[in-house]
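Within every chain, numbering begins at 1; the chains are lettered A, B, ... in the order of the sequence lines, protein sequences first and strands thereafter.
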Number of protein chains: 2
Amino acid sequence: MADDQLSRVFAALADPTRRDMVARLAVGDATVGELADPYDVSVQAVSKHIRVLSDAGLVSKSKDAQRRPCHLEAEVFDLMTKWIERYRQQAQERYERLDAVLAEMRGDEQPTHPGNREQGAAS
Amino acid sequence: MADDQLSRVFAALADPTRRDMVARLAVGDATVGELADPYDVSVQAVSKHIRVLSDAGLVSKSKDAQRRPCHLEAEVFDLMTKWIERYRQQAQERYERLDAVLAEMRGDEQPTHPGNREQGAAS
DNA sequence: GTTGTATTCAACCAGTTAGTTGAGAAGGAG
DNA sequence: CTCCTTCTCAACTAACTGGTTGAATACAAC
């Protein structure tokens, strides 16, 4: 895996167990032990999962005696959403442009606006 | 890696090279060779990357003689966006509720609406 | 101080991944 | 038919992942 944050965030969420933990942290903070409870893997394995989430910046840990309450850092989601939206939108615009070209080829365009050419549609 | 689609999509995008390919496919379809060109890895390696994207449903391939033009399937992005938005929103609501509780503890609430209690704020 | 609880560290293992090279397969062009 | 291009399959390797167990740390409670 690459070491940039976006890669780490995507990689962290590629595991269903970790996504499940994020889901549970969305309803409220929880300690490592509490998070480990529902799964039949060792606490150490869960601790590792949390470390991955933490390295990705998705989760922060505080201290309460021996406990390590985990807190979801939801702002990191924006990093992904921005990346996704950028290319989703770009692709969508391209389809719309393509549709416009196809419509023009079919002669579908409304002749009410004679100057309304598609800008750069064929580039 | 788990075999559900959401996991495959996240895993596919956890690699910067693959994200870069998605970015390029967002501006227009491209063959395997065209996609391979900018990178100094073998064409076979790129072919494998495309297979990962394809298995995740992010990319589809068609046939043009020996060429395999790749096309971005942007709808799959929605799968991720939905998952992310769900938990981001849930976490955000929790913070807002917490803010409301804190405000109430400080006596910040406007006394203009005597019946306006926070519903379930302490649950 | 000793015991118990919560968490992490360290070493190890099996399975996967991202890359390599070499050999096809499939199709257009001379 | 032969050659060249484009792409994939197969086998191999190095590095990473997700899990294990056992030991160590840190703290609270008795």
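Side-chain N or O atoms of Gln5(B) include none that pairs as donor or acceptor with a backbone N or O of Gly57(B) at under 3.5 Å. Of the possible polar contacts, one joining the Asp4(B) side chain to the Ser7(B) backbone as a donor-acceptor pair under 3.5 Å is found.
In this structure, Arg51(A) pairs ionically with Asp55(A), as a charged nitrogen and a carboxylate oxygen lie closer than 4.0 Å. A salt bridge between Arg88(B) and Glu85(B) is present, with a side-chain N of the basic residue lying under 4.0 Å from a carboxylate O of the acidic one.
Looking at residues 31-61 of chain B, you'll see Val41(B), Ser42(B), Gln44(B), Ala45(B), Lys48(B), His49(B) sit with a heavy atom under 4.0 Å from some atom of DNA chain C. For DNA chain C, no neighbouring residue in residues 3-17 of chain A is found when judged by any heavy atom under 4.0 Å.
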Solution key, residues 21-32 of chain A side-chain donor-acceptor pairs under 3.5 Å, sequence neighbours excluded:
{"residue": "Arg24(A)", "atom": "NH1", "partner": "Leu35(A)", "partner atom": "O", "Å": "3.1"}
{"residue": "Arg24(A)", "atom": "NH2", "partner": "Glu34(A)", "partner atom": "O", "Å": "3.0"}
{"residue": "Asp29(A)", "atom": "OD1", "partner": "His71(A)", "partner atom": "ND1", "Å": "3.0"}
{"residue": "Asp29(A)", "atom": "OD2", "partner": "His71(A)", "partner atom": "ND1", "Å": "3.1"}
{"residue": "Thr31(A)", "atom": "OG1", "partner": "Glu34(A)", "partner atom": "N", "Å": "3.2"}

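Fit an axis to the five pairs at each end of the helix from dG1(C)-dC30(D) to dG30(C)-dC1(D) and the two axes sit 10° apart, to the nearest 10 degrees.
Of all heavy-atom pairs spanning Ala12(B) and Leu58(B), the tightest one is CB-CD1, 4.1 Å.
The salt bridge (Lys or Arg N to Asp or Glu O under 4.0 Å) check on Asp37(B) picks up nothing, with sequence neighbours excluded.
Residues Val76(A) and Met1(A) do not share a hydrophobic cluster, defined by chaining ILVMFWY side chains whose heavy atoms lie under 4.5 Å apart.
Side-chain contact between Phe10(A) and Val9(B): absent, with no pair of heavy atoms (C-beta onward) separated by less than 4.5 Å.
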**Asked** Along nucleotides 24-30 of chain C, 5' to 3', which nucleotides get a B, which get an S, and which get a -, given that the test is a protein heavy-atom distance under 4.0 Å?
**Response** --BBS--
